[in-house]
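Since the structure comes first, as structure tokens, the remarks are kept for the end.
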Amino acid sequence: MKAALEELLTASLQTLAGDVLPDGATTEDINLERTRDPRHGDFATNAAMLLARHARMNPRQLAEHIIARLPESSLVARVDIAGPGFINFFLAPAAYREQLTRALAAGEQWGHSDIGAGQRVQVEFVSANPTGPLHVGHGRGAAYGASVANILAATGHAVHREYYVNDAGRQMDILAASVWLRYLEHCEELIDFPANGYRGSYIRDIAEQLKATHGERFYRPADEVMQGLPDDEPRGGDKERHIDALIARSRELLGEEDFRIILDAALEAILADIRDDLEEFGVSYDEWFSERQLVESDAVAQTLARLEDKGLVYEQDGARWFRATDFGDDKDRVVVRDNGVATYFASDIAYHLNKLERGYQRLIDIWGADHHGYVPRVRAGLRALEMPEASLDVLLVQFAILWRGEEKIQMSTRSGDFVTLRELRHEVGNDAARFFYVMRSNEQHLDFDLELAKSRTNENPVYYIQYAHARIQSVFDQLKARGGDFDPERGLASLSRLDEDHEMDLMVEISRYPEVLEQAARNHAPHTLAHYLRDLAGALHTYYNAHTFLVDDEALRDARLCLCLATRHVLRSGLDLLGVSAPDDM
RNA sequence: GCCCCGGUAGCUCAGCCGGAUAGAGCAAUCGCCUCCUAAGCGAUAGGUCGCAGGUUCGAAUCCUGCCCGGGGCACCA
């Protein structure tokens, strides 16, 4: 609908070019928008005000010319000039009826578009380290990323959803060591658990499982394990040095093979848990990309070699540093530590390079806001390798703060004392969780109130929208119960009977849906879709209360049911994109 | 100190690629179920858009400075 009006406007401006307007008059800032105030019509454009200077006439005068050259269209009932030079379009009611007809024909595809046709987009999100269960912060990234990906797919982009599994590197070694120590505890050995180890109870579970499968195979006396290690932090030592030494000792005592068995057992258990969790949350991936494979395929080494060849790496204090400052970063960054181990940053450059080599036009990384300092260095890496860094969008998700009514829930990842995503889902349900997570802009801190999310009251926006959907279903059920029969053909033929204000309002909302999806896709902003669905549900509830749908006049009744049906399609489609269910009854 | 996000109604937030009289939900007050689900609807009230400059025909929106809140500045991930 909007596109059709834009065509009219463009056509008019083209006939004016070289006549009233100079040939090269720029038109990029011209916009055509829905009006806020119905007295300004349905759509308005600022074209005359922006082009007035080029035309060397005042905006209202130019507006006259633009209107005079607008092609004839059945969509438009009237065009006015208002205020400082706005051109206001008043649409014909028939235009909205036509949109409704199209919406019904499209069903749940209504609103989908092909604006992203030909674009391959890779969306990487969550990518939490497989060192423990997902917590509520990851949940927001999951809900946001999944919704963004869904919306991009609905607007015609070829979307590839990917989870980057950090299954290589030091954190994995720490994980394996943590599990092993708990295993030894399970064998009745007394161990001072390292300050830097993973302390969560899930580590004990994995250790117990290991004992059940492998028995005493990995048993070593505690003295042998701990003897001669540098002091840990509680004893005044350095916790990093302590854990590194502990890892080395573990490898030595167990041998590479057994160490790897423990590491893999832990990795597989945790990864399986993460997959299940996300799957239950309605979040699925096309690919789980393994960092370990990236390392083992030599891609990291090759990437580093490319940087070395360009002379962008130097040695200092025993480490290898990438000249990130040459490419816009604040500091140079270590790519190989003094112990010879490549940093995660080195893998990350290789990973992004790999993504681009796979042929995506656009990469979207969704990260927690606490990683924002990481953005310049990844961009620096891409720029150094002469890759088009503009093709990378990093979308940051701010923290979610949990509340139970008035009480703020404190969390600390270090101590393993955090609320998991699974606990949250079980408490408030998947629908409320998905909706609450994306209800606010990703750039806003999110206050997530568990009490509110659980409440079955009018304070809870999720139920408000779902209820609108269930109500429509209930109307159709009611019709059937009364022995009536909905005839869509008759309804479509009678759309002109829909002349009540509430009906027009609802038709306007339905006609907006394609624009809402387009905007949500362009801005990576699922919250705009959430707000729209609330508005749409509101228009339905208002209409429902003002008029009876199941009237004796069958033509009018079926026309109204057509309107309800289209509304239901949009509600279902929109909720689906947000990963929220659309129940038939509540 | 430097970087990122935020500061809009009592509360939580939209609006921010400049547009017309700044919106919504909740909370508050007053109404609406013999009628398709009251998890609903209607009405009323509520604002120096953090502060100060600047750009513009026009600024909540863009620029600069400052104030307040949150986060980040590792040979951690």
Side-chain angles (χ1 to χ4, degrees), chain A residues 28-29 31 33 35-37 39-40 44-46 49-50 52-53 58-59 82-86 88 127-129 131 166 169-172 174 196 240 316-321 330-331 333-339 341-345 347-348 368-376 396-399 401 403 439-447 449 452 455-468 470-479 481-482 484 522-523 525 527-528 530-531 534-535 537-538 540-551 557 560-561 564 585-586:
Chain A
E28 17 183 273
D29 290 335
N31 53 41
E33 289 173 332
T35 59
R36 200 173 280 264
D37 187 334
R39 279 173 297 182
H40 301 138
T45 178
N46 59 357
M49 290 182 290
L50 290 178
R53 199 187 314 173
N58 77 50
F86 289 102
N88 293 335
S127 296
N129 287 335
T131 54
N166 286 109
R170 184 165 173 257
Q171 294 303 314
M172 283 294 104
I174 296 176
N196 227 9
E240 306 290 351
Q316 188 185 309
D317 304 329
R320 307 289 298 168
W321 298 68
D330 293 341
K331 302 175 182 174
R333 307 291 175 177
V334 171
V335 283
V336 182
R337 293 171 61 198
D338 59 4
N339 63 6
V341 177
T343 59
Y344 279 79
F345 173 50
S347 303
D348 279 341
D370 53 335
H371 288 65
H372 89 267
Y374 213 77
V375 180
L396 300 175
V397 178
Q398 296 289 329
F399 289 152
I401 302 156
W403 297 78
M439 188 167 64
R440 303 294 175 224
S441 155
N442 58 299
E443 292 180 348
Q444 278 276 357
H445 293 263
L446 175 71
D447 285 317
D449 185 343
L452 179 61
S455 73
R456 310 260 152 158
T457 68
N458 55 354
E459 293 174 49
N460 191 333
V462 185
Y463 294 108
Y464 183 86
I465 298 167
Q466 290 182 319
Y467 184 44
R471 258 188 159 171
I472 292 169
Q473 182 57 41
S474 151
V475 170
F476 281 95
D477 291 346
Q478 194 56 225
L479 175 67
R482 294 180 191 180
R522 212 176 35 237
N523 299 333
H527 74 277
T528 58
H531 285 277
R534 219 223 164 259
D535 290 345
L540 187 277
H541 286 310
T542 298
Y543 179 37
Y544 181 95
N545 274 272
H547 298 283
T548 305
F549 305 160
L550 301 180
V551 292
R557 181 197 72 191
R560 287 181 169 172
L561 290 177
C564 287
D585 59 272
M586 295 174 69

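Numbers restart at 1 for each chain; the letters A, B, ... are given by sequence-line order, proteins then strands.
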- Task: Respond yes when some side-chain nitrogen or oxygen of A/Gln478 is under 4.0 Å from OP1 or OP2 of B/rC35, and no when none is.
- Result: no
- P atom, B/rG69 versus B/rU61: distance in rounded Å? 23 Å
- Message: Under 4.0 Å, heavy atoms only, any strand: does A/Gln316 hit a base, just the sugar-phosphate, or nothing?
- Response: base
- Specify the separation, in whole Å, of atom CG of A/Asp338 and atom P of B/rA74. 17 Å
- Message: Using the side-chain heavy atoms of A/Leu550, tell me which of these nucleotides is nearest: B/rC75, B/rU21, B/rC36.
- Response: B/rC36
- Task: Ignoring the backbone of A/Arg170, work out which of B/rA20, B/rC76, B/rC5 is nearest its side chain.
- Result: B/rC76
- With heavy atoms under 4.0 Å as the rule, sort A/Asp447 into base, sugar-phosphate or nothing. sugar-phosphate
- Specify the separation, in whole Å, of atom CG of A/Asp449 and atom C1' of B/rA27. 14 Å
- Message: Rounding to an integer number of angstrom, what distance separates B/rG53 and B/rA14 when you compare their C1' atoms?
- Response: 28 Å
- Query: With a 4.0 Å cut-off on heavy atoms, is A/Arg522 in touch with a base, just the backbone sugar-phosphate, or nothing at all?
  - Reply: base
- Query: If you look at every strand shown and take non-hydrogen atoms under 4.0 Å, does A/Ala546 touch a base, only sugar-phosphate, or nothing?
  - Reply: nothing
- Task: Just call it for A/Phe345: base, sugar-phosphate, or nothing, with non-hydrogen atoms closer than 4.0 Å on any strand.
- Result: nothing
- Among the candidates B/rA20, B/rG15, B/rC13, find the nucleotide nearest to the side-chain atoms of A/Arg440. B/rC13
- Task: Go through the side-chain N and O atoms of A/Asn196 and A/Glu240 and say whether any donor and acceptor fall under 3.5 Å apart.
- Result: yes
- Contact class for A/Asn442 vs. all strands (heavy atom < 4.0 Å): base, sugar-phosphate, or nothing? nothing
- Query: Paired with B/rA9 by Watson-Crick or G-U wobble geometry, both distances under 3.5 Å: which nucleotide is it?
  - Reply: none
- Task: Mind checking A/His40 for me? I need base, sugar-phosphate or nothing, with any heavy atom below 4.0 Å counting as a touch.
- Result: base
- Could you please name the partner base of B/rA20, counting Watson-Crick and G-U wobble pairs only when both distances are under 3.5 Å? none
- Message: Mind checking if A/Arg534 touches a base, just sugar-phosphate, or nothing, with heavy atoms under 4.0 Å?
- Response: sugar-phosphate
- Does the ring of A/His372 lie flat against the base of B/rG71, closer than 5.5 Å centre to centre with planes under 30°? no
- Query: Within the structure, does a side-chain N or O atom of A/His445 lie under 4.0 Å from either OP1 or OP2 of B/rU12?
  - Reply: no
- Task: Looking at every strand, decide which applies to A/Arg482 at a 4.0 Å heavy-atom threshold: base, sugar-phosphate, or nothing.
- Result: sugar-phosphate
- Query: Mind checking the P distance from B/rG7 to B/rC49? Whole angstroms is fine.
  - Reply: 14 Å
- In the structure shown, which nucleotide is the Watson-Crick or G-U wobble counterpart of B/rG31, with both distances under 3.5 Å? B/rC41
- 5'-most contact on RNA chain B: A/Gly373 or A/Ala537, nearest heavy atom basis? A/Ala537
- Query: Is A/Phe399 stacked on the base of B/rG71, with ring centres under 5.5 Å apart and planes under 30° apart?
  - Reply: no
- Nearest listed nucleotide, side chain of A/Asn46, among B/rC41, B/rG19, B/rC76: B/rG19
- Query: Which value, in whole Å, describes the distance between the C1' atoms of nucleotides B/rG42 and B/rC33?
  - Reply: 14 Å
- Which is true for A/Thr131 with a 4.0 Å heavy-atom rule: it touches a base, it touches only sugar-phosphate, or it touches nothing? nothing
- Note on the structure: Here the distance between atom C1' of B/rC33 and atom CZ of A/Arg471, to the nearest Å, is 11 Å
- Query: Nearest to the side chain of A/Asn31, which nucleotide is it out of B/rC75, B/rG18, B/rA14?
  - Reply: B/rG18
Using atom names, set out every protein N or O paired with an N or O of nucleotides 56-62 of chain B below 3.5 Å, distance rounded to 0.1 Å.
none

- Task: Give one of base, sugar-phosphate or nothing for A/Asp585, where a contact means two heavy atoms less than 4.0 Å apart.
- Result: base
- Item | Complementary nucleotide for B/rC51 - Watson-Crick or wobble, under 3.5 Å | B/rG65
- Message: Suppose we define a pair by two distances each less than 3.5 Å, Watson-Crick or G-U wobble; what does B/rU56 pair with here?
- Response: none
- Query: Does the side chain of A/Thr542 get closer than 4.0 angstrom to OP1 or OP2 of B/rG42 through an N or O atom?
  - Reply: yes
- Query: Within the structure, does a side-chain N or O atom of A/Tyr544 lie under 4.0 Å from either OP1 or OP2 of B/rA39?
  - Reply: no
- In whole angstrom, give the distance that lies between atom NE2 of A/His531 and atom P of B/rA24. 13 Å
- Item | Pairing nucleotide - B/rG1, Watson-Crick or G-U, each distance under 3.5 Å | B/rC73
- Base, sugar-phosphate, or nothing for A/Asp317, non-hydrogen atoms under 4.0 angstrom? base
- Message: Taking any heavy-atom pair under 4.0 Å as a contact, classify A/Ala470: base, sugar-phosphate, or nothing.
- Response: base
- Item | Selection from B/rG40, B/rC17, B/rG15 that lies nearest to any side-chain heavy atom of A/Asn545 | B/rG40
- Task: Specify the residue among A/Phe549 and A/Asn166 whose closest nucleotide of RNA chain B lies further upstream toward the 5′ end.
- Result: A/Phe549
- Does A/Lys331 place a side-chain N or O at less than 4.0 Å from the phosphate oxygens OP1/OP2 of B/rA74? yes
- Note on the structure: Its glycosidic angle compared against 90° from 0, B/rC13 adopts the form anti
- When we call it a touch if two heavy atoms are under 4.0 Å apart, what does A/His527 touch: a base, just sugar-phosphate, or nothing? sugar-phosphate
